[in-house]
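In what follows, a structure is listed as structure tokens, so that the remarks can point back to it.
The shown structure was predicted, so the numbers you read here are calculated from the model rather than taken from an experiment.
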Amino acid sequence: MPKYYEDKEEDGRACAGIREDFKACLLQHDCVLKEGKMPSECLKEGHYKALQTSFFECKRSMLDTRSRFRGRKGY
């Protein structure tokens, strides 16, 4: 779910909402905090597959020429 803050500066990049949520969830996961692993190692183990897929779909929709009509995926 997207997080909204009043004093947060606006990120105008594509897929900014998914990027922020994916980063925050990954850095707060037990795999990173308690086990001390790198976030990339936790991703290889399969944590947060849904957010990873959503972020990938959003980035892929930027290259898709049909997205001009449909709009980008994600939030």
Side-chain angles (χ1 to χ4, degrees):
M1 290 190 198
K3 296 179 181 178
Y4 298 101
Y5 301 104
E6 294 177 10
D7 296 331
K8 185 183 132 201
E9 62 183 62
E10 190 67 29
D11 188 5
R13 296 184 294 180
C15 310
I18 295 177
R19 179 192 316 265
E20 180 182 335
D21 291 342
F22 185 48
K23 179 179 164 184
C25 289
L26 190 58
L27 292 177
Q28 294 173 358
H29 194 267
D30 290 341
C31 178
V32 175
L33 294 177
K34 292 183 180 176
E35 297 176 20
K37 295 182 181 178
M38 296 290 294
S40 58
E41 294 173 355
C42 295
L43 283 176
K44 289 179 183 175
E45 293 176 4
H47 299 292
Y48 290 107
K49 228 17 166 176
L51 272 174
Q52 186 178 13
T53 304
S54 297
F55 185 63
F56 169 75
E57 288 292 328
C58 182
K59 295 297 272 186
R60 187 173 75 174
S61 71
M62 292 171 50
L63 299 173
D64 189 7
T65 57
R66 294 175 293 176
S67 67
R68 290 179 293 162
F69 304 107
R70 297 179 183 170
R72 272 192 308 229
K73 295 182 179 180
Y75 46 88

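- From Cys31, atom SG reaches atom CE of Met38 across 11.0 Å, with rounding to the nearest 0.5 Å.
- The pair Glu41-Lys44 fails the salt-bridge criterion, with no side-chain N (NZ, NE, NH1 or NH2) lying under 4.0 Å from an Asp/Glu carboxylate O.
- Asp21 approaches Leu51 most closely through the heavy-atom pair O-CD1, 4.2 Å.
- Glu35 contributes atom CD, which lies 6.5 Å from atom CD of Glu45 (distance to the nearest 0.5 angstrom).
- Side-chain contact between Lys59 and Phe55: present, with at least one pair of heavy atoms (C-beta onward) separated by less than 4.5 Å.
- Separating the SG atom in Cys25 from the CD atom in Glu20 is a distance of 10.0 Å, to the nearest 0.5 Å.
- Here the CD1-OG distance, from Ile18 to Ser54, works out to 5.5 Å after rounding to the nearest 0.5 Å.
- Looking at residues two or more places apart in sequence or on another chain, you find a side-chain contact (heavy atoms from CB on, under 4.5 Å) between Leu26 and Pro39, Cys42, Leu43, Tyr48.
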